[in-house]
Amino acid sequence: MPGYFSKMINGVASLLTVSLAMFSFLSLSAEAGALVPAGTDGQAPVLMPVPSSIQLSQDKFRLDEKFYAGGQDQPGGRGFKAVARFMSRLGGRTGLFLEQDFLADQTPGPNTRLFYKYERVGRLLPNEDESYVLEIKTERIELRAPTDLGILRGLETLLQLLSSDDSGYYFPCGRIEDRPRFTWRGLLIDSCRHFMPLEVIKRNLLAMAAVKLNVLHWHLSEDQGFRVESRTFPRLHQMGSDGMYYTQEQVREIIGFAADLGIRVMPEFDIPGHSTSWFVGYPEYASAPGPYRIERGFGVFHPVFNPANPATYKFFDRFFREMASLFPDPYLHIGGDEVEAVHWKENPQIQAFMKKHNLADNHALQAYFNLQILKILTKYKKKMVGWDEIYQPGLPKDIVIQSWRGTQALVDGARKGYQGILSNGYYIDLCEPAERHYLNDPIPPDSPLSADEKKLILGGEATMWAELVSPETVDSRIWPRAAAIAERLWSPQEIRDVEDMYRRLRVISVQLEEHGVQHLRNQDMMLRRLVGTVQVSSPEMGALRALARICEPVKGYARHSQGRKYTSLAPLTRFVDSCFPESLEARDFRKRVEEYLSSRQSIKARALENDYFLPMTTIVAQTSGLSERIPALKEIKPLTEKLRELVFIGSDALFYLKSGKQPGAQWLEKQKKLLEELKKPQAECQLAIIPAVEKLLTALEEGKK
Ligand code: ACM
């Protein structure tokens, strides 16, 4: 069966060749794009999101240690603090000892080179002006904006423009005029399925600001946890959180931290379903008697508020009065998704209530509940936001519907005059490629909506549901893919070049580390922990890392059906958790295969052998040893065996393609069947390089026709 190439790699190739080849693969696979500094001569600038208008020239503003920034803000002002952070980051990226004291007066003086000016302090509300104009001349940079929010957005752009050449660092001269396409550009963080400590929220807020996201949608109550201190109803956090909740002081700290970054914080309290944790301390408001315990499993559960009990609304009146004063944002999210009616059906009192009020079905009962909640929120000057299930005729037009089940709900809502935000297609917990999210547009080019209806689409939100993430893995599920969503929501509709997005995403991903997000670095840490020592020979460690880089966790919710039952107590420390949701190495490999197939140049085939197939053989050899010695890595043994098979298929196919010889029909059928077997998940992972090998087989098959 094995052809020429696989015989060669089993026998002839010297150890030296193999290990050198592995190093080239490893260096290729280590943040390949990051090796290209942002905006180095000859490269298009790495801006993400792409501004609405950009003109750059060949001239350069040269950066030196006498670079001073000045504007009208006082210490403590949002602009002042943003400029101080900018200077610190600029020093950090360049190693320059910038003379300006972070806390110095920013009044413009003779040394000032960066001037910023705005008209007024921006309000943290939808439709606030975030536009700016950035002008870079050889001796002077000007950043002007109607509000200080525009100054913040412009500073991020300026920092992304930082470039280098043989003479040092510089900003390219030119003019950028920029404004967001959508006003609501959010990230949902679920602090309930797994609690996310304060520092997780803060580092992600900083990263959000770097890509101009402006809403933190904070999912704060769920079956698995109630995460905010309530002084009115203290048993909520005392009995519903395992002690893992945010104090009101901490909530205010986050809100202030976000406000300094020009980010709104919208809380979500998910009712009437998804609410088990509330009932641990307050079973009297549930539809069934209880007792209740904090849910450990994941899914949709029966506990649900009792909409027929007047005490429920008295409870919510007091609860929302407290939360309305804690959270200053005018919007408050009430969830409303996935209500299970089992306890409603089983409760005769609720059934009698429905009859009495002519509530024909459960949806009508939930609509009744929502209307009572709406009255309470209105009383406390909050506008209601909910998942698309909350829609019902007659709701006031200032509510916002968040579409998660499909884009049609967004269209239907807008046609009826409702504001909407899109999350369907932005579920980053599903571990799908950035490309898929990037091309998902809240208002696609073929949108059936009228111009007025389109105005009701406020934007979108990436959703980081936390069933399968912990504080140490959550960043890797958010970044860098959320940056692609940030671009979709900020940049003009025509900016849709996927290749260019990936070129920039690799660089931005590394820049984001400046804020402490751990999406890249934690992979090594997690692999070290599995191996149990840093003294393991480095080829083995390197090979394990290289293996992780060509594997992806299974997509969607498939991890829940791979044989292990996940709960909020399950370890998220296995090999699969260390793998990135999208393997950029696999993407590169696929591109290289495509390039070979379109050119059929033998030099490109040889490069595939040397840069990919040979190093993969070494990965197999090295990681097989690890998987035999280390119990926690036993589960990857079959994965490495699959990789071995895949290398045989790929290198044999390449041999046939290169030589022009035809394989027998039986051989081809057999390989195709094998490939289908290899696609089945192993250790909850899939080999992300299978599609590229499949392309080689397909090319062979088509050549036979
Ligand atoms: C949701 O994903 N249930 C909003």
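We count ligands from 1, going down the list as the structure has it; atoms in each ligand are counted the same way.
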Legend entry - Closest protein heavy atom (residue, atom, distance) for atom 2 (O) of ligand 1: Tyr427 OH, 2.5 Å

Inset, instruction - Considering only non-hydrogen protein atoms, determine which one is nearest to atom 3 (N) of ligand 1 and report residue, atom name and distance to 0.1 Å. - result: Asp337 OD2, 2.6 Å

Legend entry - Residue that, paired with Val400, satisfies side chain to side chain contact (heavy atoms under 4.5 Å, CB included) out of Ile421, Ile390, Leu456: Ile421

Inset, instruction - Spell out, as yes or no, whether a donor-acceptor pair under 3.5 Å connects the side chain of Asn306 to the backbone of Ala308. - result: yes

Inset, instruction - Below 4.0 angstrom from a heavy atom of Glu338, which ligand 1 atoms are there? Numbered from 1 as shown, please. - result: 3 (N)

Legend entry - Distance under 6.0 Å and angle within 45° of ring axis: Arg488 vs Tyr438: yes

Inset, instruction - Using distance alone, decide if ligand 1 has a nitrogen or oxygen within less than 3.5 Å of any nitrogen or oxygen in Trp404. - result: no

Inset, instruction - To the nearest 0.5 angstrom, please state how far the CD atom of Glu513 sits from the CD1 atom of Ile508. - result: 12.5 Å

